[in-house]
2 protein chains.
Amino acid sequence: MTTDYTKVRNLKEIAELAGVSTATVSRALTGTGRVNDETRARIAALAQKLGYHPNIVARNLRKQKTSTVGVLVPLGHEDIQHLSDPFFNAMTGFLADALAELGYDLLLSRVIPRDELWVERLANSGRVDGVLVIGQSNQFGALEAIARRYRPLVVWGGHYPGQIHCAVGSQNRKGGRMAARHLIERGCRRIAFAGPTEGPEFGERFAGVCEVVAEAGLGDGLIRLPTHFELNAAYSDILDLLRATPLMPDGIVAGADVSAIGVIRALGALGYRVPDDVRVVGYDGLPIGELLTPPLTTVDQQLRHGAGLMVDLLMRRIAGEDAPGILIDPVLIVRGST
Amino acid sequence: MTTDYTKVRNLKEIAELAGVSTATVSRALTGTGRVNDETRARIAALAQKLGYHPNIVARNLRKQKTSTVGVLVPLGHEDIQHLSDPFFNAMTGFLADALAELGYDLLLSRVIPRDELWVERLANSGRVDGVLVIGQSNQFGALEAIARRYRPLVVWGGHYPGQIHCAVGSQNRKGGRMAARHLIERGCRRIAFAGPTEGPEFGERFAGVCEVVAEAGLGDGLIRLPTHFELNAAYSDILDLLRATPLMPDGIVAGADVSAIGVIRALGALGYRVPDDVRVVGYDGLPIGELLTPPLTTVDQQLRHGAGLMVDLLMRRIAGEDAPGILIDPVLIVRGST
DNA sequence: TTGAAAGCGTTACCAC
DNA sequence: GTGGTAACGCTTTCAA
C-alpha cells in the first residue's frame with residue numbers, strides 16, 4: 001500500500017474521511033474500547049495510508065501521563081563539561097537501554113543547580129512521569145527536601161542513615177575495603193588513595209581504604225592524594241602530588257575509574273610503570289576500563305545492573321509504591337593494572 | 001520567603017488567588033505582553049510562594065513548539081547493545097552539551113528500524129521541534145525518503161552525490177588518505193585496512209587508503225581485514241584474520257577508533273607490540289583514544305565541533321531555512337600507536 | 001458499537 | 001492593562 005503524504009494533522013481529519021467520530025478513530029487506533037472489527041480495520045488502513053501519527057503531546061496532556069522519564073545530571077560549579085564524562089555517559093547509556101525496554105523515552109537535561117527548584121521544574125512540568133538523578137553532587141540537602149514532596153524520584157548515589165531520598169549505589173565502604181585489601185595481597189605496603197575524600201560516596205570509599213590499611217598495620221603508610229574527580233584535573237593534581245610526596249606509593253586506590261586513568265597517565269609521565277612499579281585499582285567498572293592498556297583493575301559497581309534497579313524502583317514509585325533504595329554489592333574485577 | 005507546597009496545579013488557581021484572569025497570569029509569568037508592573041510582581045511572588053511550575057506539555061500543545069530535539073540512534077539488526085558504544089555515547093554527550101547551550105532539551109530514543117516510519121513517528125509526535133540521527137546505519141534509503149517531506153532533520157554521516165538528507169560528517173576519503181600516508185611516512189610498507197569496507201563512511205575511508213597505497217607503489221601490499229564495527233566483534237574478527245593472513249601488515253588503518261582498539265588488543269594477544277611491530281591508526285578522534293596505552297593515533301572527525309554544527313543546522317532548518325550539509329576537515333592526531 | 005461533548009493547562013486573539 | 005474565550009489534539013465519560 002502506498003503512503004499518501006497529504007498532511008493529515010489530526011484525528012478529526014481522519015474521522016471526517018472515514019465518516020465516523022473522532023472518538024471512534026481514537027478507540028480504533030489505540031485499541032481501547034469496543035469498536036466494530038470492520039470499522040477498526042478501515043480506520044487503521046486509512047491512517048496508515050495517510051501517514052498519520054498521533055500527537056503525543058496532546059495525548060500526554062489529556063492522559064496526564066507521558067511514558068517519559070527525565071534524567072538529570074547535576075553539575076557542581078567547578079566541573080562544567082561533565083556531560084561528556086565517561087561515567088555519566090555510561091550511566092545515561094545504560095538508563096536509556098533499561099527505559100527503552102519498558103517503552104519509556106528519556107528526556108535528558110543537564111542542570112547547573114542554582115536554586116532548590118532544579119528537580120521540580122522538570123518534575124512538575126508535566127513532561128515526565130518521574131525523574132532520575134545521576135549523582136548527588138553537592139545537592140544532597142536539596143534532594144532530601146525534594147524527596148519529601150515528590151515521590152517518583154530515584155537517585156544514583158550514596159546512602160546516609162535516615163536518608164529520605166531513594167538512592168541506588170554501591171556499598172562504597174565495602175568497595176574501598178576490597179580495593180585496599182587486593183593491593184595488600186599483591187604485596188603493596190605504601191597504599192595511597194587518589195580522588196576526593198569527601199561526600200557520601202568518595203568519603204566512604206576512602207574510609208574503607210583507611211580501615212583496611214590500619215588493620216594491616218600499615219597505618220603510617222597511608223598516603224592521601226586528594227584530587228578532583230574530573231579526568232584532566234585529576235591528572236595534573238596527581239602529577240603535582242606525586243612529585244611532592246616524600247613517600248612514593250607502591251599501590252594506589254583511585255576513587256573513580258576516571259581518576260584512575262589520570263593517575264596512570266601521571267605515573268607514566270613520571271616514568272613509573274604500571275603495575276610493575278605501582279599498582280592501580282579504580283572504582284566504577286566503566287566499560288572503558290577494559291580497553292585501557294594495561295586493562296584497569298577496578299571495583300565494579302555494576303552500573304548496568306544499577307541502572308536497571310533505578311528504573312525498576314522508579315516504575316514502582318510512579319505506580320505509587322514507596323520503594324526503598326538499594327545497595328549494590330561491589331565486585332572486584334582484577335585486570336592488568338595490579 | 002517560605003515556599004508553600006499546597007498543590008497549585010494550574011494558572012487558573014493562581015488567577016483566582018490573585019483575583020485576576022488566567023490571561024494576565026500567563027502574561028505576567030512569561031513576560032509576554034503588557035502587564036502592570038505591580039500586578040506582575042504580585043503574581044510572580046504568589047507563584048513562587050506556591051511553588052507553581054507551568055505545565056510545559058500544555059504550553060507545547062498550544063504553541064506547537066517544544067524546545068526539545070529528538071536524538072535517534074538507529075541500530076542495525078546485528079548490533080544490539082550499540083547505545084553504550086563509545087562512539088554513540090560521545091556523540092550524544094556532545095549533542096546534549098550543544099543543545100543545552102541553546103536551552104533545548106534532548107529526547108533520546110534508541111530505535112531498531114523495522115519500517116520506514118521510525119523517524120516520523122517521533123518527528124510527527126509533536127514532542128520535538130526537530131530530529132538528529134546519529135549514523136546512517138543501513139537506513140540511507142529511508143533517510144532519503146524521509147528528508148523529502150520532513151525538513152528539520154540533520155544526520156551524522158556520509159555524503160553521496162545528489163543526496164537529499166542534510167548530513168554532517170568528515171571528508172572520509174581524505175581522512176583515509178591522511179591515515180595511510182602517515183603510516184607510509186613512518187616507514188610502513190605492508191598497509192592493512194581493518195573494519196567494514198562498505199557504506200557511505202567506511203567505504204570512502206577504505207577508498208582513500210587504497211588510493212594512497214596504490215600511489216606509493218605499494219598496491220600489492222594492501223591487506224584487507226574486513227571486520228565488524230563493534231568492539232568485541234572486531235576483536236575476534238581481527239584475531240582470526242591476522243592468524244590467517246599470509247602477509248603480516250606493519251601498519252594498520254582502522255575504520256573507526258573502536259575497531260582500532262579491537263585491533264590493538266588482538267595484536268597484543270598475538271604477541272605483537274604497538275607501535276614497534278605494527279603501527280595502528282584509528283578514525284574518529286574519540287576522547288578515549290587519548291586514554292589508551294599507547295595513546296591512539298587517529299583521524300579526528302572533531303566530533304564536538306560536528307555536534308555543534310549539527311545543532312546549528314537543525315536550528316536553521318527549524319527556522320525554515322534549507323540549510324545544506326557540511327563536510328568536516330579531518331585532522332590527523334599523532335600519538336603513541338604509530 | 002458509536003457519537004457528543006467535556007476536559008487536560010496553556011497561550012493569543014480580540015474586545016473593552 | 002486586563003478579561004473572556006477560542007483554540008492546540010487527544011482521551012474518555014455518558015448517552016444513545
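So you know, we letter chains A, B, ... as the sequences are listed, proteins then strands, and number each from 1.
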_Using the rule given for side chain to side chain contact (heavy atoms under 4.5 Å, CB included), can you reason through A:Glu101 versus A:Val311, listing the C-alpha separation, both sets of side-chain angles and the distance that settles it, and then say yes or no?_
CA-CA 10 Å; A:Glu101 208 72 33; A:Val311 169; over 6 Å; no
_Rounded to whole Å, how long is the line connecting atom CD1 of A:Ile43 with atom C1' of D:dC10?_
15 Å
*More 5' along DNA chain C: A:Ala58 or B:Thr32, using each one's nearest nucleotide?*
A:Ala58
*Measure the distance from CG on A:Leu61 to P on D:dC10 and round it to the nearest whole Å.*
12 Å
*Hey, could you give me the CG/OH distance between B:Leu314 and B:Tyr104, rounded to the nearest 0.5 Å?*
8.0 Å
*So, is A:Thr24 near the phosphate of C:dT2, with a side-chain N or O under 4.0 Å from OP1 or OP2?*
no
_Are there over 12 heavy-atom neighbours, none belonging to A:Glu321, within less than 6.0 Å of that residue's CD?_
yes
*Given C:dT1, is OP1 or OP2 found less than 4.0 Å from the side-chain N or O atoms of A:Arg34?*
no
*asked:* Between B:Lys63 and B:Asp129, does any side-chain N to carboxylate O distance fall below 4.0 Å?
replied: no
*Phosphate-side-chain proximity, A:Ser26 and D:dC10, N/O vs OP1/OP2 below 4.0 Å*: no
Atom pairs under 3.5 Å: protein N/O with N/O of nucleotides 4-7 of chain D:
| unit_1 | atom_1 | unit_2 | atom_2 | d |
| --- | --- | --- | --- | --- |
| D:dA7 | N3 | B:Arg62 | NH1 | 3.2 |

*When you check the phosphate oxygens OP1 and OP2 of C:dG9, does a side-chain N or O of B:Asn10 lie under 4.0 Å from one of them?*
yes
*Any side-chain N or O of A:Gln64 under 4.0 Å from OP1/OP2 of C:dG9?*
yes
*Phosphate OP1/OP2 of D:dT2 contacted by B:Thr39 side-chain N/O (<4.0 Å)*: yes
*Flag the pair B:Leu153 / B:Cys166 as yes when at least one side-chain heavy-atom distance between them is below 4.5 Å, and no otherwise.*
no
*Reckon A:Tyr52 has a side-chain N or O less than 4.0 Å from the OP1 or OP2 of D:dC10?*
yes
*4.5 Å side-chain heavy-atom contact, A:Ile43 and A:Arg40*: no
